[in-house]
Amino acid sequence: MSIRKEERQKEEKRLRHVLMEMNKTMAGLERDLSVQGEELRTWRGEFWEDVTVNLSDDKEALETVASITQQARVMSELERRQERDRRRYQTLARMIKSPYFGRVDFMEEGETEEEQIYIGIASFVEETSQTHLVYDWRAPISSMFYDGMPGEVEYETPMGTVKGHMGLKRQYLIKNGKLVSVFDTGTVIGDDILKEVLGHRSDTQMKNIVATIQKEQNRIIRDDRTKVVLVQGAAGSGKTSVALQRIAYLLYKHRSWLSHSQVLLFSPNPIFMSYVSNVLPELGEENIKQTTFQEYVEHRLGKAVHIEDAFDQLEYVLTRESGSSLSARLHGIGFKSSADFFRLMQDYKHWLEQEGMIFRDLRLNDQVMIASEQIKERFYAYEPNVKLANRIQMVRKWLLDELDQLAEQHIWEDWVGEEVEFLEKEDYYQAYKPSLRGKPDVDEHAKAELVLRKKVVRRKFQPVINQVKQLKFVDVNGIYQQLFDEPLVTRLSTKVNIPDAWGEICAYTRQFLQKRIVPYEDVTPLLYLQEMIQGVRRYMDIRYVLIDEAQDYSPFQLKVMQAMFPMAKMTILGDWNQAIMPHQTRQAELEQITSLFQEGEIQQYEMTRSYRSTSQIVEFTRELLTDAKPITPFHREGPLPVVRKLATQAELVQRLQEDLATIQAEGYESLAVIGKSQQECQMVYEQLKDHVPVTLLTKNDRNLASGVVILPVYLAKGIEFDAVVIYNFSRENYGDDTERKRLYTACTRAMHRLFLYALGEPSPLLSQVDQRKYVWM
């Protein structure tokens, strides 16, 4: 509801006052930063001039250390103050464009005066009066703006529940310090503000959504009691945005014990990592750690083998011609991602505790120092009830002792004496140094020679010692490959449902592993086996973990991740309608995920309203699904999706050029041509690059380019574009039900315009969509 003219004038007057105070504060901070910078330069330049270094005795040394410590403390405090003021200045520089976006008038129970609470991305206090001109959106009192309506309200604080009366809720749209619109509302976020924000053009960076957080989103953001928050959200419902605002909220609320370095986000790909990297800095917070599951496993498994990634696996499935090898691999992908295979791996571990471990010879210059059979005999000599990883550590200690004894046996060999002659002068100095401090010793030469010989032998043995310390005497890859000895599984377990194609699965797996290539479906089981043998690597300092696009992770992977971060709370985000990876995650696997956690640890949320796309695009895309839960579009209108049927490749490319030019002429800047595979995208790029400014994105790219981009659907996950063209939406490309979710994912990237091109006959999936939901052109 629009406000009266007099009210608007009051609001404009207040806005001018807030901007004036912000400018005043920023000017003061600018002066302070300049002074601090000069002080730091002076301190650094004079640091050693003000310190007298005297190490002649213990007393003088202690005074020297105390003097250095005092100087360092002063400089450290200056640096902390400068960093605090720098961050405050940067936050105000962002706020001054739009100091606040909401207001509630609240009178607490027992009080007689109503307080006006203005809400923005950060708090701002007038320096002279210490009056709160703006409250941080994360402050407890600000939750009323998102959750309450005029009338009786309450909000939670660390001290308990505060109750009172909300007399007014008002929203603002402020751009570059100018009040564009202001109105009173009885809802959480007025549609006019939401339409304005959602109607903006997309670009290469995700924006924060604090001005448009909805009630159901706010519940997720402020849930800091649940250990595991699981969010199932429709495409465009704001899952990732909510998760990032949630992290900003947690960093604000728990600032005394939680820092950005203790929060980790698992992203679907490097492009996505760049796409979301600006959200937290916009809110005045430092960026959290980000990685992909692929980066983590490559770090843990090392470089001795080539590790296939999820995108190469998908390319194999999408571009390989049908046949027995593809069928076997698809069966293998499904089985190796399942709970059954997880149980099989556990049974394999128990079997390895009794027999079957494979070790490597320890060699020095091609000479076997300790044979693998000797290591195996030692391993199985320990008590059978000792855990696998503990026994490996016991073998490690034994091997190091054995190598020490072997090294002792080599000290007086001729080759050692020869190599002593080639040692550096520093080595000789260190060997004779003890004798230089006292009276000459008749045995000083013999003692020095012994030191030098030990040094030579130690250097010679060091590579072998390093192998032992790094547990490389265990052949983890060989042990994993042994699992695919076809008859072995019958000895391991009778409880696991082994697929009929197990023989073919074993054959193709051995074929890959013998070439030192680890297929993606084997990466997590191999990592799990390594962790069982060597001991689980736990990251105890991580307190919060976010897993985005969780539908692309198997329960097996999530189980491993749970073990990696035992002290962390988790936020798991996914849309099972976008499960496009070959292991075919189904809604049933959502139940498998919840079963990983104890009762009472997990809270599930559903987000069924889509804010990204126009109503026309949402209504079209939701009819592509068959078993999806209802998806509600936000009522933002736009043109109907366009379907084009084209006879030849040349006609398709020509039409694509024309449409891209038309879309850009309409003012849209972010355009995506989405192909089914990287192979197809490469072909499209070659056809367009000489006619249209276009960027081809691959799995190795780390930034989302502006303008027209060409990318496969699996790299588009989590990203949105003003306009999307689905390349070759034909029966040949999207011909059966297995392609349904891939097509849905591609189409839901579009915010304003959606085009689907079919080379020849369109996909049969189109037949289930109401013909009134799109236009033929």
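None of the values given here were measured: they were computed from a predicted structure. Position 1 is the first residue of the sequence, and the numbers go up from there.
No side-chain donor from either of E285 and H260 sits under 3.5 Å from a side-chain acceptor of the other. Defined by atom type and a distance below 3.5 Å, a donor-acceptor pair is missing between the side-chain atoms of S143 and R222. When only modelled atom types and interatomic distance are considered, R94 and Q90 share no side-chain donor-acceptor pair under 3.5 Å. A donor atom on one side chain and an acceptor atom on the other are found under 3.5 Å apart for E156 and T161.
Of the possible polar contacts, one joining the Q551 side chain to the D575 backbone as a donor-acceptor pair under 3.5 Å is found. The closest donor-acceptor contact from the side chain of R86 to the backbone of L33 lies at 3.5 Å or more, if one exists at all. With R103 contributing its side chain and K169 its backbone, the two residues share no donor-acceptor pair below 3.5 Å. Within the 3.5 Å criterion, the main-chain N or O of S267 finds no donor-acceptor partner in the side chain of Q290. Under the 3.5 Å distance criterion, the side-chain polar atoms of Q616 are matched with a main-chain donor or acceptor of G638. In this structure, D722 contributes its side chain and S670 its backbone to a donor-acceptor pair below 3.5 Å. Between the side chain of Q262 and the main chain of S259, a donor-acceptor pair closer than 3.5 Å is present. Side-chain atoms of D184 never come within 3.5 Å of backbone atoms of R170 as a donor-acceptor pair (strictly under, hydrogens ignored). Side-chain atoms of S610 do not come within 3.5 Å of backbone N or O of F634 as any donor-acceptor pair. Side-chain N or O atoms of E21 include none that pairs as donor or acceptor with a backbone N or O of R16 at under 3.5 Å.
At least one cation-pi condition fails for K215 and Y146: the charged atom is not both under 6.0 angstrom from the six-membered ring centre and inside a 45 degree cone around its axis. With a 6.0 Å cutoff to the six-membered ring centre and a 45° limit on the axis angle, R702 does not count as a cation-pi contact of F272.
Aromatic ring centroids of Y100 and Y172 lie under 6.0 Å apart.
Note that CG of L78 and CZ of R80 are 9.5 Å apart. Values are rounded to the nearest 0.5 Å. Rounding to the nearest 0.5 angstrom, the gap separating the NZ atom in K717 from the CG atom in L715 is 10.0 Å. Taken to the nearest 0.5 Å, the OH atom of Y249 stands 10.5 Å off from the CG atom of D136. If you take NZ on K569 and CG on L546, they are separated by 13.0 Å, rounding to the nearest 0.5 Å. Atom CG of residue L704 and atom CE of residue M273 lie 14.5 Å apart, to the nearest 0.5 angstrom. Put simply, CE on M22 and CE on M95 are 3.5 Å apart, with the number rounded to the nearest 0.5 Å.
Minimum heavy-atom separation, L250 to Y544: CD1-CE2, 3.4 Å. Counting all heavy atoms, side chain and backbone alike, V279 lies closest to Q245 at CG1-NE2, 3.6 Å. When every heavy atom of L19 is checked against every heavy atom of P99, the shortest pair comes out as CD2-CG, 3.6 Å. In terms of heavy-atom proximity, R749 sits nearest to A235 at NH2-CB, 3.9 Å. Among all heavy-atom pairs drawn from L230 and W576, the shortest one is CD1-CH2, 4.5 Å. Minimum interatomic distance between V18 and F124 (heavy atoms only, all atoms of both residues): O-CE2, 4.3 Å.
Counting heavy atoms from C-beta outward, L168 and Q116 have side chains that stay 4.5 Å or more apart. No side-chain heavy atom of Q232 sits under 4.5 Å from any side-chain heavy atom of M607. Residues E623 and K773 have side chains in contact (heavy-atom distance under 4.5 Å, counting atoms from C-beta outward). At least one side-chain heavy atom of I288 sits under 4.5 Å from a side-chain heavy atom of I247. At a threshold of 4.5 Å between non-hydrogen side-chain atoms, the residues T745 and L743 do not count as touching. Between R14 and L133, the closest side-chain pair of non-hydrogen atoms falls below 4.5 Å. Looking at V162 and E108, their side chains come closer than 4.5 Å, going by heavy atoms from C-beta outward. Between N287 and P281, the closest side-chain pair of non-hydrogen atoms falls below 4.5 Å.
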Could you please spell out the steps behind the side-chain contact (heavy atoms from CB on, under 4.5 Å) verdict for E720 and Y275? CA-CA 10 Å; E720 58 189 29; Y275 181 63; 3.2 Å; yes
Run R543 and M567 through side-chain contact (heavy atoms from CB on, under 4.5 Å) and show every step you take. CA-CA 6 Å; R543 300 297 181 185; M567 303 301 294; 3.7 Å; yes
Quick one: do K10 and E6 satisfy salt bridge (charged side-chain N to carboxylate O under 4.0 Å, His left out)? Show the steps, please. CA-CA 6 Å; K10 285 182 184 179; E6 297 80 6; over 6 Å; no
Where do K178 and E12 land on the salt bridge (charged side-chain N to carboxylate O under 4.0 Å, His left out) test, with the steps shown first? CA-CA 8 Å; K178 300 292 183 184; E12 288 175 338; over 6 Å; no
Mind running side chain to side chain donor-acceptor pair (under 3.5 Å) on R612 and T748 for me, showing each step along the way? CA-CA 8 Å; R612 173 187 297 143; T748 54; 4.7 Å; no
side-chain contact (heavy atoms from CB on, under 4.5 Å) for I174 and V180? Distances and angles first, verdict last. CA-CA 5 Å; I174 301 172; V180 177; over 6 Å; no
Can you list the steps and then say if R753 with Y668 is a side-chain contact (heavy atoms from CB on, under 4.5 Å)? CA-CA 9 Å; R753 301 296 305 274; Y668 296 114; 3.8 Å; yes
Please assess E126 against T131 for the test side chain to side chain donor-acceptor pair (under 3.5 Å), listing each intermediate value before the final yes or no. CA-CA 5 Å; E126 187 174 1; T131 302; 4.7 Å; no
Decide yes or no on side chain to side chain donor-acceptor pair (under 3.5 Å) for D105 and H165, but give the supporting numbers first. CA-CA 8 Å; D105 291 358; H165 181 82; over 6 Å; no
Step by step, would you call E127 with K24 a salt bridge (charged side-chain N to carboxylate O under 4.0 Å, His left out)? CA-CA 9 Å; E127 291 183 5; K24 192 189 303 181; over 6 Å; no
Check step by step if side chain to side chain donor-acceptor pair (under 3.5 Å) holds for D223 and Q603. CA-CA 9 Å; D223 180 352; Q603 176 66 52; over 6 Å; no
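In this structure, R255 places its CZ atom where more than 12 heavy-atom neighbours from other residues, nucleotides or ligands lie under 6.0 Å away. Counting heavy-atom neighbours within 6.0 Å of M159 CE, excluding the residue itself, gives a total of 12 or less.
Relative orientation of the Y135 and H132 rings is parallel, given thresholds of 30° and 60° on the angle between their planes. Ring-plane geometry between Y774 and F620 is classed as perpendicular, the angle between the planes exceeding 60 degrees on a 0 to 90 degree scale with a lower cut at 30.
Residues satisfying the ring pair (Phe, Tyr, Trp, His ring centres under 6.0 Å) criterion with Y155, sequence neighbours excluded, are F106.
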